[in-house]
> 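Please find one structure pasted underneath; my questions will follow.
Every number for a ligand or one of its atoms is a count from 1 in the order of the listing. Any value given below was found using the heavy atoms of this structure, including those in side chains, with hydrogens, waters and symmetry copies removed. Small disclaimer: the values here were computed from a predicted structure and weren't measured.
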Amino acid sequence: MSIVQDNLERLQALKELDGISQDDLDSLNNPHKISYVELEVNNKKYPAWRILYSSDLGPGKGGIRFHSDVSEDEVQSLAFWMTLKNSLADIPYGGAKGGIKFDPKKADRNELEAVSRAYAQAFHQVLGQDVDVPAPDVYTNSQTMAWMLDEYEKIIGHHEPGMITGKPVELGGIKLRADATAQGGYFVAQEMVKEFLRDRQPEDVRVAVQGFGNAGLFMAEKMAADNFKIVAVSDSQGGIYNEDGLNISSLSAYKAGGKNVGTYSEGRAITNAELLELDVDILVLAALENQITIANADKIKARHIIELANGPIDLAADKHLDAKGTVIVPDILANSGGVIVSYFEWAQNRTGQILDEEYLKGLLEKKMRNNWSRMFNLYKEKGNVSLRQAAYILAVRRVLAAKHWRS
Ligand code: GLU
């Protein structure tokens, strides 16, 4: 199954929905530059990519993931989504993504460091604060960013903290970055609840969260703190269900102790597939892409879905759920809090100014709510588009405007 093909079809639909010309759509069909290297570390080989999809609005921007399923099709799709996400977020970036086909769970610290440094060495010529700026993604974190920054600075011979974001605070990172994806997603979730679950009290809204990593865990904590009833969560090993609502702080302490959520005692163990099919009001998808496909789309009972992961619903499933009236808050809006705070970090690195954290928190909130409103207003105005299509239209319009000014 090619995700790239899915995306091209999603783009093609904008011709009819927003009168975008075929030439304009064709200009978005291909990535600007695909860089591929086979990294060699301790006699093992790891395929690795950095794909700059677009630099029309500014330097490339997007994370680097470590996962055994990484492929060129996946990295290119993620780079395409970053292009739309950054455009919709109204920040001065094109879109890019990177990945290494590698299972970090099987590696020790020395190997993780060696692989991270090898990546920076291999791709240093296509990275840089004005060229393409990586960040964390699935199974990479501030330590990964620190190794990559250090390696890059050794090669170029001077400091350039703006070449990467999601760094430790001591290296020019920003505290807000750690839970920024979930924080942004939560602002959007509140807006969604205001529009679509208007008469409900949070304690009557049942929520399931797939994925208990950086995005899903913080999202569950924020929703639980506001009294939403989190009835199920899962990690890569399986899930846990409790119809009275799970105690998220105790569950996250359990997880922090190195356990999997499925073995937690206050609930019934369920599989990831069962979690997706629960009859809940809100399903938060915070794991990987292609979790809902045509194979399970007709079993999905949730009436509202928030995509905190990138691409968790494939095109065929998307059509099926749309036809059924499921409200889907699309990834390019829902998870854009991460890259918005990356932008704050990059801007600080470039100016040398340190901005007040409360001010930045407020700015993130303002941007997320404002971007929701722009998407929601277009959705209402058009009347025949999904929330995703409204978000795509706004994003594509801005990239095309930049392209036109340049031509
Ligand atoms: N990996 C995150 C994403 O998919 C963050 C990207 C960034 O901060 O550049 O949006």
> Inspect the contact between Arg303 and Asp279 and indicate whether a charged nitrogen and a carboxylate oxygen are less than 4.0 angstrom apart.
yes
> To the nearest 0.5 Å, how far apart are CH2 in Trp147 and CG in Leu112?
5.5 Å
> With His404, which of Asp56, Asp24, Val399 fulfils side chain to side chain contact (heavy atoms under 4.5 Å, CB included)?
Asp24
> side-chain contact (heavy atoms from CB on, under 4.5 Å) with Glu191: which residues, sequence neighbours excluded?
Lys194, Arg369, Trp372
> Is a side-chain N or O of Asn371 found less than 3.5 angstrom from the main chain of Met368, in a donor-acceptor match?
no
> Give a table of atom pairs where an N or O of ligand 1 lies under 3.5 Å from a protein N or O.
from: ligand 1; atom 1: 1 (N); to: Pro136; atom 2: O; distance (Å): 2.9
from: ligand 1; atom 1: 1 (N); to: Asp137; atom 2: OD1; distance (Å): 2.7
from: ligand 1; atom 1: 4 (O); to: Lys85; atom 2: NZ; distance (Å): 3.1
from: ligand 1; atom 1: 4 (O); to: Lys97; atom 2: NZ; distance (Å): 2.9
from: ligand 1; atom 1: 4 (O); to: Asp137; atom 2: OD1; distance (Å): 3.4
from: ligand 1; atom 1: 4 (O); to: Asn310; atom 2: ND2; distance (Å): 3.1
from: ligand 1; atom 1: 8 (O); to: Arg177; atom 2: NH2; distance (Å): 3.0
from: ligand 1; atom 1: 8 (O); to: Ser342; atom 2: OG; distance (Å): 2.6
from: ligand 1; atom 1: 9 (O); to: Lys61; atom 2: NZ; distance (Å): 2.7
from: ligand 1; atom 1: 10 (O); to: Lys85; atom 2: NZ; distance (Å): 2.6

> Does the distance from a Lys or Arg side-chain N to an Asp or Glu carboxylate O, for Asp150 and Arg117, drop under 4.0 Å?
yes
